[in-house]
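Here's the structure, in structure tokens; my notes come after.
Fair warning: this is a prediction, and the values are worked out from it, not measured in the lab. Starting from 1, each residue takes its place in the sequence as its number.
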Amino acid sequence: MVTRIVPWVSGAVYGIVLLAGVYSAVAGLGPANGVRLAGFVAGIGALFALDAVERRVARWPAAFLAARVVLFFAVAALDGSGLARALFVLVPFAAYLTFGRPAGLVLGGLCLAVLVGGFAVWVPGWYRDTESVSDVLMFATGLVLALAMADVAVRERRAASRVAELSAAAERNRLARDIHDSLGHHLTAVSIQLEKAAAFAGRDSGVAGQALADARRSVGYALEDVRTSVGTLRGGGRSLAAVLGELGVPLDVHGEEPDLGPATVTTLHRAAQEAVTNARRHGRADHVRVSVTFGAATRLVVTDNGRGFDPGAARSGYGLLGLRERAALVGGTVSVDSEPGAGTRVTVTVP
């Protein structure tokens, strides 16, 4: 509905028509009739009230449009300035927004036909009168502009809806990566430790007990990651340096951290978490270090002394793929430098 999408348009037109009608009566430019002027003002007031009710009810658009048209005719009949006919440009405007383009075009043509028919009945030879022809052309121009404005509003509404859909899809992908990068690793660790505990339960109670302790610790890490993700979704994310400090590896911070935003903090945090986990689990590294540098761009570097691999020959796997996709969402890039026996260096740069 017009009042819900562009609430100022109808109010602005009502106000202009009201000022023109009152000025015409006060300045003696039209018939001086107090009752007629009072009715005109009351009609404009009824239009404002109708819009207010429509905003609250948000139902029965056809009934509200019909009531508005009736009031337009009443106000036009009581107006001494002749400007009240401008109210009718709101008819196709509202119809376009509410019922679509065909309804707007049909009602626009109908409004123009009614104006021309009125001139034909009440102003003989109007087509030879410059003022009458000018009024018709100005009204037609107003209809075109109103329909164009309605088309822009509809396109913006559709674009906003599309953006919302894309944002929802991006958020689903981000949550999928969160599940893989965080909970997936912890649950895998829990499964391995439980299998280890079961295997050693009857042979070495010490090893079995340590495996259960490690499993409990992994569960604690998983719960903490869930809390962190929920906090980020609620807009209560912490600084990047704070979350990186909880990875349990040496951390070097260079420069002053700017306001990165929750999405960027989550991206870099998950990237570091993924790199650290891969270094320990797959690279069998006993030394992992994280470095973050703040400046024109934020650069995160994770290095390890593990066994390394050949990036060109190795399968990227879903972890690295998810890392690249996550970085791309915030305009970042990922590079991996490694070779067999020389460790690995993962660099994530976010502008």
Side-chain angles (χ1 to χ4, degrees), residues 176-200 203-204 206-222 224-225 228 240-241 243-254 266-293 297-328 332-350:
R177 283 188 291 273
D178 280 347
I179 292 172
H180 171 268
D181 296 345
S182 177
L183 293 180
H185 291 313
H186 293 309
L187 293 178
T188 299
V190 170
S191 177
I192 292 173
Q193 295 300 330
L194 291 178
E195 290 178 0
K196 183 178 180 181
F200 283 89
R203 291 185 292 171
D204 192 328
V207 173
Q210 183 60 48
L212 290 175
D214 291 341
R216 284 193 294 267
R217 185 164 54 252
S218 294
V219 170
Y221 290 152
E224 181 61 28
D225 278 345
T228 299
L240 177 61
V243 296
L244 292 179
E246 298 176 353
L247 294 176
V249 298
L251 171 66
D252 298 322
V253 179
H254 306 280
T266 300
T267 295
L268 294 173
H269 177 212
R270 296 306 187 200
Q273 188 177 52
E274 175 78 9
V276 170
T277 301
N278 287 340
R280 289 172 169 170
R281 179 174 302 164
H282 305 298
R284 298 179 183 176
D286 55 20
H287 180 76
V288 184
R289 193 172 196 90
V290 176
S291 173
V292 60
T293 302
T298 298
R299 188 174 72 254
L300 172 76
V301 180
V302 181
T303 56
D304 68 71
N305 65 345
R307 58 182 181 177
F309 62 96
D310 181 359
R315 298 176 61 186
S316 62
Y318 186 71
L320 185 57
L321 175 62
L323 179 59
R324 296 186 188 278
E325 290 178 348
R326 183 193 295 279
T333 59
V334 178
S335 64
V336 180
D337 299 313
S338 183
E339 60 182 66
T344 301
R345 175 188 178 97
V346 177
T347 303
V348 182
T349 304
V350 177

N/O donor-acceptor pairs under 3.5 Å from side chains in residues 187-199, not counting sequence neighbours:
unit_1	atom_1	unit_2	atom_2	d
T188	OG1	G184	O	2.7

### Message
Could you check whether any side-chain N or O of N305 sits under 3.5 Å from a backbone N or O of H287, counting only pairs where one atom can act as donor and the other as acceptor?
### Response
yes
### Message
When you compare the side chain of D337 with that of V346, does any pair of heavy atoms fall below 4.5 Å?
### Response
no
### Message
Does any part of the side chain of T298, heavy atoms only, come nearer than 4.5 Å to the side chain of T349, both counted from C-beta?
### Response
no
#### Entry: Side chain proximity check, R324 to V336, heavy atoms < 4.5 angstrom
yes
### Query
Would you call V350 and L268 a side-chain contact if the rule is heavy atoms closer than 4.5 Å?
yes
### Message
Restricting to non-hydrogen atoms, name the atom on R299 and the atom on T347 that form the minimum distance, rounded to 0.1 Å.
### Response
CG-CG2, 3.7 Å
### Query
Side chains of T303 and T344: does their closest heavy-atom pair fall under 4.5 Å?
no
### Query
Are the side chains of D304 and R289 in touch, meaning some heavy atoms are under 4.5 Å apart?
no
### Message
Working to the nearest 0.5 angstrom, can you tell me the gap between Q273 CD and E246 CD?
### Response
10.5 Å
### Query
Which pair of non-hydrogen atoms, one from A272 and one from L244, has the smallest distance, and what is that distance?
CB-CD2, 3.5 Å
### Message
To the nearest 0.5 Å, what is the distance between CG on L300 and OG1 on T293?
### Response
9.0 Å
### Summary
Note: V253 and A241 closest approach over all heavy atoms is CG2-CB, 4.4 Å
### Message
So H254 and S291, do their side chains get closer than 4.5 Å, heavy atoms only?
### Response
yes
### Query
Is there a donor-acceptor contact under 3.5 Å from the side chain of S338 to the main chain of F309?
yes
### Task
Answer yes or no: are there more than 12 heavy-atom neighbours, outside R217 itself, under 6.0 Å from its atom CZ?
yes
### Task
Report the C-alpha separation of V288 and V302 in whole Å, then their side-chain angles, then the decisive distance to 0.1 Å, and conclude whether the side chain to side chain contact (heavy atoms under 4.5 Å, CB included) test is met.
CA-CA 7 Å; V288 184; V302 181; 3.9 Å; yes
